[in-house]
Amino acid sequence: MQDCVSCGKEEAYEIASAATSREEIGNDTHWGTKEQLDLHHIPYAPRKARQMTRGDYGYYDLLIGFDDENLREIRRIAGGDPDRKIHLLLDFTNHPREIADPWYTGDFVSTYRDVVEGCESLFCRKNVPSAAG
């Protein structure tokens, strides 16, 4: 997502990633994702997955998930969504839908295209509120 913020608004966003389940905690980025990032010359650094916390809801302006299961888990961890901060990434496009999980489909190419579409819509076409104003 970080690489998609290239519309002159880079300073306005803080982007983070957090798991909604415990199974990926401590793991680095999946090799299939790294393959797509390399193919598109998008830089990345080693990371260790962390789990989302209830405090993330208060800290961030938006919480983005790829599918309905993500949204359910984000709402569960957050204790609800009274401020309407939780959305699917593709809700910001002209074709709102879930992003298929490449862990199950093996299709990292389609997932990459969906993520780019969502990020471009979110950061470049919409007037999205940010903490920087």
Parallel, tilted or perpendicular, as decided by the 30° and 60° cut-offs, for the rings of Phe108 and Trp31: tilted
Linked, directly or transitively: Leu62 and Ile99 (ILVMFWY side chains, under 4.5 Å): yes
Student check: side-chain heavy atoms of Ile74 and Met52 closer than 4.5 Å: yes
ILVMFWY network linking Ile86 to Ile15, side-chain heavy atoms under 4.5 angstrom: no
Pairwise side-chain hydrogen bond (donor to acceptor under 3.5 Å, both in side chains) hits with a residue in residues 76-88, at least two apart: Tyr57-Asp81, Glu73-Arg76
Partners meeting side chain to side chain donor-acceptor pair (under 3.5 Å) with Asp67 (sequence neighbours left out): none
Shortest non-hydrogen contact between Ala100 and Thr105, atoms and distance: CB-CG2, 4.0 Å
Salt bridge (Lys or Arg N to Asp or Glu O under 4.0 Å) contacts touching residues 49-58 (sequence neighbours left out): Arg50-Asp56
Rounded distance [0.5 Å steps], CD1 in Ile64 versus SG in Cys119: 9.0 Å
Leu122 side, atom CG; Asp91 side, atom CG - distance, nearest 0.5 Å: 10.5 Å
Reported OG1-to-CG distance for the pair Thr93 and Leu90, which is rounded to 0.5 angstrom: 5.0 Å
Linked, directly or transitively: Leu88 and Val115 (ILVMFWY side chains, under 4.5 Å): no
Hydrophobic cluster identity match, Leu39 and Val109, side-chain contacts under 4.5 Å: no
Ser121 OG to Asn94 CG distance, which is reported to the nearest 0.5 Å: 6.5 Å
Residue pair Ile77 / Gln51, side-chain heavy-atom distance below 4.5 Å: yes
Within residues 94-108 or reaching into it, pairs that qualify as salt bridge (Lys or Arg N to Asp or Glu O under 4.0 Å) - sequence neighbours excluded: Arg97-Asp114, Arg97-Glu117
Distance-minimising heavy-atom pair for Phe66 and Asn70: N-OD1, 2.9 Å
Set of side chain to side chain donor-acceptor pair (under 3.5 Å) partners for Tyr59, sequence neighbours left out: Glu14
Those residues that, when tested against Tyr112, pass ring pair (Phe, Tyr, Trp, His ring centres under 6.0 Å) (two or more places apart): His40
